[in-house]
Amino acid sequence: MMNPTSTADYVLRFINHTNRNIFLTGRAGTGKTTLLREIIQTTHKNTAVVAPTGIAALNAGGVTIHSLFQLPFACFLPTDSAADFSTSVKCETRSSLRRHFRISSQRKAVIKNLELLVIDEVSMLRADLLDAMDFMLRSVRKRNVAFGGVQVLFIGDLLQLPPVVNNQEWNILRNYYYGNYFFHAQCLRDQLPLYIELTHIYRQTDAEFIGILNNLRNNDLQQQDVDRLNLQVKPHFSLDQNPGYIILTTHNAKADAINTSALESIDETVFEYHAEITGEFPERIFPIEETLRLKVGAQVILTKNDLSAEKRYYNGKMAEVTFLSDEEIQLRFPDDGSFIELEKYEWQNIKYSVNPNTHEVTEEIMGTFVHFPIRLAWAITVHKSQGLTFDKAALDVSHIFAPGQAYVAFSRLRSLDGLILLSRLNINGLDNDRDVIDFAKNKSNEESLFENFSHDSKRYAEQKLIDCFTWPNLEQEWRDLFFLKDKDETTAARRNDEKWVVWTYERFKLLLEPAAGFRNQIMRLFLADEPDINFIRERLELAVNYFYEHLNALEEELLLRIESVSRMKKAKAYFESLCRLEDETSGVIINMLRIKRFMELISEGSDLNKSNLESAEAASYRKTKNDEAAAKYREQNGTLTGDVEPARNRKPAKKEKKAPQKHTSEVTYELYLQKLSVEEIAKERQLTEQTIYNHMAKLIEDERVTIDEFMPDDRQQELAQIFKGRDHEEALGPLKIELGETVTWNELKLYRSEIRRQLSQNTASTAGIK
């Protein structure tokens, strides 16, 4: 197996080649978010991303912890005893949670099929909430091991926002926990996650400033560090005299007041822009204000990275509004004087589901929030500044009220040159939490990472093979079907099938002993210091061929029986039991088909990732078998191909949605290729036609669609005369005002994109000649 090289590479390999729980940390600007995106895009494991709050989940491209696990908002006490406290604090225990589990079958399927759980912004994760998650995973997956056997990747900087626990809650929780942080959870007492820290800083290059930040982070701030920072004090600082600066403060009310006052002082017309909200997108997770109020001259920051190839801006880049109209926002970047016309950004509220054909965890978009990704930026709170990068900022840190707030504030800056302090610092009161500092002593060095990886990757391969031939859920479903006849809700259909059920159940039971024998053989083979992977691969392929033959025959029997029972009346319980059994059976078979490819890569020493592990045979297995069973049933029973399936039959797989990282114009392009009109695309995506035309303008510029699709030649010639001698980078607002109703916004935007396409083509052609 290939050895990892960099720290980020180690993380990727630990995720894909082991089942080790990992805590990934790193100071501000070390690339944690970038690595998270790479993990999600490349891992072969069924993955879900969660975070403690709605906004954090939205930014991470996931869901909240409480929504995925259906946990109540209450303290969780890791005990089976009933909570008995005379207090107003709401508490749950294992016994009370077990009594009122209200988890849907779809969410249960997600948890059962989960292989990797990513918890982002873990600094805010409370110990009791992590124990509640652990209890839920063990209960649903019916595996009494940490997190039910799911690998967990914890991501965050513990020196940033801490967990929120009030005094009343802590008076109860202190009976069970030494502290509030996630690493205090009881489920981690036997083995803490592997502590991996990213150390290369991309945000700062100022060596002096990096040294001060390191000392502040490690509770080792020296008097000379404070003296150096106090050289940046300007108590009479004024935003009017320092354009391009943003004030970082500790309270929302103060930041809002500064922004409101600064906007009102500008003698320009106010423009309001409203978010386009579709589907389910609760107000509590709005990434920015629903209504954006701007004036020309306003100071703003971008709240997202530029998704285009040009990468013209980043999350936290400062800009000035230079032109506004009902349809357009133009910005100028003070650092280089460049201008951009700002495009809207699409945030997605997702939920997880399981593809019934492949048993893969997939994302389903529940709603979208489309808006211009900017906010007023004369001031911002330290809390909201997390993840942002500033070239110039004035820090108001005189009222620090939580450990780590000072570090978050200072680490937003790139260098000391852009730093202004509004008041002098004292060395007292800037300490970080001692528990966090002590936990950091578990950090792995490169040597220990290599040793852990070598050991854990071998154990993972062994466990992966054993799990493939361990079928507790399948055994349980067979037993449930067999004993269904003894339940009150049994039906004539089930009683009439008694002989068939007994016959097929006995056939399945004959597989259990050889499966146990193969598991024992795998364990013996992996006892060697250097297991013979090629021999193990040979044994695996023989085992897969043997069990596939028998399980595939049972799968075909089950699907035919489901086709028959689905058309019977008053057979709901029997039908549902058959469906659950078939679901488990097909899942076992699909895992077997995938494990062959897994062992091929292991024996070749190749990387395990999503693209390498793709198996067309596994991906198409269940759909193919369903189609074959339906065809065979029609043939045997003389029904027509067009027969309507009963309502009780399994729902077809939902149409796959776009991946969360795909640019919104890409989705529009895919629908355009299906010959949908702009109006139809807007209706399908629940967006305005104006937004879809903006996408089309971008697609014209990228030479993916032609302007001929949207306007005739004579109109193009008229627009060519209108644009003649004009700078195509200028805002379109003044031109629209000048021309009035003789031209539409859409025509101007589309034709400007055509001009840019032609210029780009001419530039490329000239370069080719040279």
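Atoms considered below: every heavy atom in the structure, side chains included; atoms not considered: hydrogens, waters and symmetry mates.
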Worksheet item: Hey, mind stepping through L130 and F154 against side-chain contact (heavy atoms from CB on, under 4.5 Å) and telling me if it holds?
Response: CA-CA 11 Å; L130 183 59; F154 304 91; 3.9 Å; yes

Partner of S123 under side-chain contact (heavy atoms from CB on, under 4.5 Å), picked from D157, L158, I155, is L158

Nearest heavy-atom approach of D120 to P52 is O-CD, 3.3 Å

* Asked: Would a distance-only check, ignoring hydrogens and angles, find a side-chain to backbone donor-acceptor pair under 3.5 Å from S67 to V63?
  -> no

Query - Polar side-chain atom of D220 near backbone of L216 as donor-acceptor pair, under 3.5 Å - result: no

Closest heavy-atom pair, L511 versus F547, reported as atoms and distance to 0.1 Å, is O-CE2, 3.6 Å

ask   = Among side-chain atoms of N215 and D225, is any donor-acceptor pair under 3.5 angstrom?
value = yes

Exercise for review: Using a strict 4.0 Å threshold on nitrogen-to-oxygen distance, state whether D467 and K464 make a salt bridge.
Suggested key: no

- Distance-only polar pair, side chains of N552 and Y621, donor-acceptor under 3.5 Å: yes

In this structure, OG1 of T64 is separated from CG of L58 (nearest 0.5 Å) by 11.0 Å

inquiry  = salt bridge (Lys or Arg N to Asp or Glu O under 4.0 Å), that's the test. Do R126 and E169 meet it? Break it down for me.
reply    = CA-CA 12 Å; R126 287 169 39 160; E169 291 173 325; 3.2 Å; yes

Student check: side-chain heavy atoms of F518 and Y546 closer than 4.5 Å: no

Open item on the list: Does V354 form a side-chain contact (heavy atoms from CB on, under 4.5 Å) with Q106? I'd like the steps, not just the answer.
Closed with: CA-CA 7 Å; V354 173; Q106 182 61 263; 3.9 Å; yes

Q.
Suppose we call two aromatic rings close when their centres sit under 6.0 Å apart. Are F23 and F182 close by that rule?
A. yes

In T43, I15, T47, the residue satisfying side-chain contact (heavy atoms from CB on, under 4.5 Å) with V118 is T47

(Q) Between L419 and L229, is there a side-chain heavy-atom distance shorter than 4.5 Å? (A) yes

Assess the residue pair D131 and L129 against the criterion (side-chain contact (heavy atoms from CB on, under 4.5 Å)); give the C-alpha distance rounded to whole Å, side-chain angles, the decisive distance to 0.1 Å, and a yes or no.
CA-CA 5 Å; D131 275 333; L129 181 55; over 6 Å; no

Can you tell me if K108 has over 12 outside heavy atoms packed within less than 6.0 Å of its NZ?
no

### Query
Between S448 and S444, is there a donor-acceptor pair closer than 3.5 Å when you use the side chain of the first and the backbone of the second?
no

d(Y195 OH, N445 CG) to nearest 0.5 Å is 13.5 Å

Whether the side chain of K32 engages the backbone of G26 through a donor-acceptor N/O pair (distance < 3.5 Å, no angle test) should be reported. yes

E513 CD: over 12 foreign heavy atoms closer than 6.0 Å: no

Using modelled atom types and a 3.5 Å cut-off, is there a donor and acceptor pairing between side-chain atoms of D128 and backbone atoms of L77?
no

Exercise for review: Tell me whether the centres of the aromatic rings in H17 and Y460 are closer together than 6.0 Å.
Suggested key: no

dist E462:CD -> I522:CD1 (nearest 0.5 Å) comes out at 8.0 Å

Counting only N and O atoms by type, is there a donor-acceptor contact under 3.5 Å from the side chain of N175 to the main-chain atoms of I172?
yes

List the steps, then state whether side-chain contact (heavy atoms from CB on, under 4.5 Å) holds for F14 with L24. CA-CA 11 Å; F14 268 105; L24 174 64; over 6 Å; no

* Asked: Does the side chain of R459 come within less than 4.5 Å of N19's, by heavy atoms?
  -> no

- Do Y178 and D435 meet the criterion of a side-chain donor-acceptor pair at a distance under 3.5 Å? no

Compare all side-chain heavy atoms of N473 with those of K142 and state whether any distance is below 4.5 angstrom.
-> yes

Margin query: What I'd like to find out is whether the side chain of C75 reaches to under 4.5 Å of the side chain of L173, using heavy atoms alone.
Written below: yes

CG (L601) and CG (L608) are apart, to the nearest 0.5 Å, by 6.0 Å

Q) Taking atom types as modelled, is there a side-chain donor on T362 or S353 under 3.5 Å from an acceptor on the other? A) yes

Correct closest heavy-atom pair for G179 and A127 would be O-CB, 4.0 Å

Just wondering, do L540 and F469 contact through their side chains at under 4.5 Å, heavy atoms? yes

Here the gap from R228 atom CZ to L416 atom CG, rounded to the nearest 0.5 Å, amounts to 4.5 Å

Shortest non-hydrogen pair, L194 vs R20, comes out as CD1-NH2, 3.9 Å

**OP:** Answer with yes or no after comparing the ring centroid distance for F439 and Y181 against a 6.0 Å cut-off, counting only values under it.
**Re:** no

* **Donor-acceptor pair, side chain of R412 and main chain of V408, under 3.5 angstrom** => yes

Taking the side chain as everything from C-beta on, heavy atoms only, tell me whether L188 gets closer than 4.5 Å to P193. yes

(message) Donor-acceptor pair, distance only, cut-off 3.5 Å: does the side chain of N609 make one with the backbone of T42?
(response) no

dist S415:OG -> F390:CZ (nearest 0.5 Å) comes out at 14.0 Å

Here the salt bridge (Lys or Arg N to Asp or Glu O under 4.0 Å) pairs for residues 523-540, sequence neighbours left out, are R537-E541

For I111 and R141, the nearest pair of non-hydrogen atoms, with its separation, is O-NH1, 2.8 Å

Using a 3.5 Å cut-off and no angle test, enumerate the donor-acceptor pairs between side-chain atoms of residues 590-599 and protein atoms at least two apart in sequence or in another chain.
| unit_1 | atom_1 | unit_2 | atom_2 | d |
| --- | --- | --- | --- | --- |
| N591 | ND2 | G587 | O | 3.4 |
| R594 | NH1 | T358 | O | 3.3 |
| R594 | NH2 | T358 | O | 3.1 |
| R594 | NH2 | E360 | OE2 | 3.4 |
| R597 | NE | N612 | O | 2.8 |
| R597 | NH1 | E600 | OE1 | 3.1 |
| R597 | NH2 | N612 | O | 3.2 |

Check: Does any non-hydrogen side-chain atom of F76 lie less than 4.5 Å from one of L71?
Finding: no

Looking only at heavy atoms, the pair that brings L114 and N46 closest together is CD1-O, 3.7 Å

Any sub-3.5 Å donor-acceptor pair from S95's side-chain atoms to D80's backbone N or O?
yes

TODO: Go through D607 and R13 one step at a time and tell me if the salt bridge (Lys or Arg N to Asp or Glu O under 4.0 Å) criterion holds.
DONE: CA-CA 8 Å; D607 194 20; R13 298 292 176 82; 3.6 Å; yes

message = Could you go through D583 and R622, starting from their C-alpha distance and side-chain angles, then the distance that decides it, and tell me whether this counts as salt bridge (Lys or Arg N to Asp or Glu O under 4.0 Å)?
response = CA-CA 9 Å; D583 185 67; R622 197 179 192 194; 3.2 Å; yes

message: For F147, is there any backbone N or O sitting under 3.5 Å from a side-chain donor or acceptor partner on D134?
response: yes

